[in-house]
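Scroll down for the structure; my scribbles are underneath it.
First the proteins, then the strands, lettered A, B, ... as listed; each starts at 1. Computed over heavy atoms, backbone and side chain alike; hydrogens, waters and symmetry mates excluded.
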Amino acid sequence: MTALLKTLFGDLRNCSVVGLLIIAEAAMIRGGWGESAPFVVPVLTLSGICWLARSRRSTTRTGPL
Amino acid sequence: MSWAIFSSSFIAAAVEWVEAYTIVLAVSLTIGWRAALGAVGAAAVSLVGLTAATGGVLALGAGLQWIQLLIGVFLLLFGIRWLAKAVARGAGLVAQHDEEEEFASTRALLKTADGRAAWLVAYKGVLLEGLEVWLIVVALGIGAAGMISSAGGAIAAIVPVVLVGAYLRQPLSRVPENAMKFVVGAMIVAFGTFWSLEALGGSEIWPIGASALIALAFFYILGGLLAIAVLRPRATQGVTA
């Protein structure tokens with residue numbers, strides 16, 4: 001069960017990045033910054049991807065994607 | 001037969017079918033066509049069951065936003081992980097996959113949890129796009145006694161989408177594994193970004209509508225390449241295996 005959940009949702013860092021992205025999206029829309037969201041959210045997403053990629057160096061063993 | 005309704009439904013549905021086919025094509029390159037088409041079939045059955053269970057445009061329309069958000073979050077969870085791994089491999093932060101070893105384990109992949117997750121991506125993607133096509137068919141067909149024209153247009157739109165997709169499949173299958181997953185990850189993240197933000201902010205949130213999907217995909221591809229270039233020098237100090 002744990003393995004399935006981890007496969008579906010990823011590790012804690014992956015969930016944290018996506019969770020923060022959704023919170024940022026909701027906050028921007030509710031805060032009246034909806035027009036900026038389409039330009040800001042992709043940049044935030046890419047930043048999260050870079051952080052996840054960089055953090056893999058110290059913790060990751062290669063395996064199937 | 002109303003050709004105006006038929007052509008409107010054809011064009012609108014084609015956009016949705018392209019989105020669904022893109023997801024299925026991407027997933028099929030990882031878990032194979034048979035499993036991907038199984039996901040399509042399961043999504044079609046679910047769509048029929050969902051339609052029968054809820055009945056009515058309003059019931060489904062009210063829930064579509066939440067389904068869209070749920071699927072958007074799921075795609076982000078999956079796509080971000082893929083893209084981050086591909087960037088890390090491209091930058092040399094972790095070792096590249098051995099292509100022959102990967103090929104040998106492809107069949108076994110279907111039985112792994114990652115194979116199931118990829119299957120779910122195809123399933124949920126087709127389910128959401130199918131719901132949108134259903135709404136298009138109903139919206140264009142109601143009030144004009146043109147349900148047959150509307151449904152006919154939506155069904156006919158599948159043919160060119162599948163033919164073009166089949167033509168593109170062979171060239172795509174020869175792309176190296178990490179490069180392929182890099183692009184697939186970027187596409188899935190693009191879909192996840194598009195759907196999650198549209199679910200929260202409404203369809204008018206994207207200034208250029210569905211074309212934003214293409215822009216997002218290019219943004220993540222170019223951004224990922226830039227990330228590889230930036231992270232690569234950092235990898236020279238040590239690569240994990």
Side-chain angles (χ1 to χ4, degrees), chain A, chain B residues 30 69 72-74 76-78 80-91 93-97 102 105 109 112-117 120 177-178 181 185 189-190 192-193 196-197 200-202 205-207 212 215-216 219-220 223-224 226-228 230-231 234-235 237-241:
Chain A
M1 187 65 182
T2 304
L4 178 62
L5 289 175
K6 190 172 181 180
T7 300
L8 287 175
F9 301 108
D11 58 17
L12 187 59
R13 288 173 300 180
N14 194 52
C15 289
S16 299
V17 168
V18 175
L20 288 173
L21 282 173
I22 298 301
I23 290 171
E25 289 180 11
M28 290 190 74
I29 289 167
R30 285 183 176 267
W33 293 86
E35 290 182 357
S36 303
F39 305 99
V40 175
V41 169
V43 175
L44 293 176
T45 305
L46 190 60
S47 301
I49 290 167
C50 290
W51 178 74
L52 283 173
R54 191 180 173 191
S55 68
R56 298 191 66 81
R57 174 172 54 178
S58 58
T59 59
T60 305
R61 295 176 62 214
T62 50
L65 279 172
Chain B
T30 301
L69 179 61
V73 168
F74 183 83
L76 282 174
L77 284 167
F78 195 74
I80 282 177
R81 198 173 2 153
W82 267 27
L83 192 52
K85 282 182 180 178
V87 167
R89 285 181 175 144
L93 296 174
V94 295
Q96 294 273 354
H97 262 181
E102 179 64 21
S105 64
L109 184 63
T112 69
D114 270 339
R116 286 193 293 271
L120 277 173
E177 183 244 359
N178 200 56
K181 290 191 172 176
V189 174
T193 303
S196 63
L197 197 53
L200 292 170
I205 194 79
W206 294 102
L216 283 168
F219 173 80
Y220 288 125
L226 181 64
I228 289 173
V230 170
L231 292 173
R234 300 173 187 273
Q237 296 178 1
V239 175
T240 58

Chain B contact residues among residues 26-33 of chain A, heavy-atom distance under 4.5 Å: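 The residues closer than 4.5 Å to chain B, in numerical order, are A:A26, A:I29.
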Is it the side chain or the backbone of B:L216 that comes within 4.5 Å of chain A heavy atoms, both, or neither?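 For B:L216, the side chain is the part near chain A, not the backbone.
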Which heavy atom of [X] sits nearest a heavy atom of [Y], and at what distance?
X: A:P42; Y: B:F219; value: O-CE2, 3.3 Å
X: B:A88; Y: A:A53; value: CB-O, 3.7 Å
X: B:L93; Y: A:R54; value: CD1-CA, 3.9 Å
X: A:I22; Y: B:L200; value: O-CD1, 4.2 Å
X: B:Y220; Y: A:T45; value: OH-CB, 3.3 Å
X: A:G34; Y: B:I205; value: O-CD1, 3.3 Å

Is chain B contacted by the side chain of A:V43, its backbone, both, or neither, given a heavy-atom distance below 4.5 Å?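 Interface part for A:V43: both.
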Who wins among [options] for the most heavy-atom pairs under 4.5 Å with chain A?
options: B:A227, B:G201, B:S196; value: B:S196
options: B:I80, B:L76, B:V189, B:V87; value: B:I80
options: B:I228, B:V73, B:L83, B:L226; value: B:L83

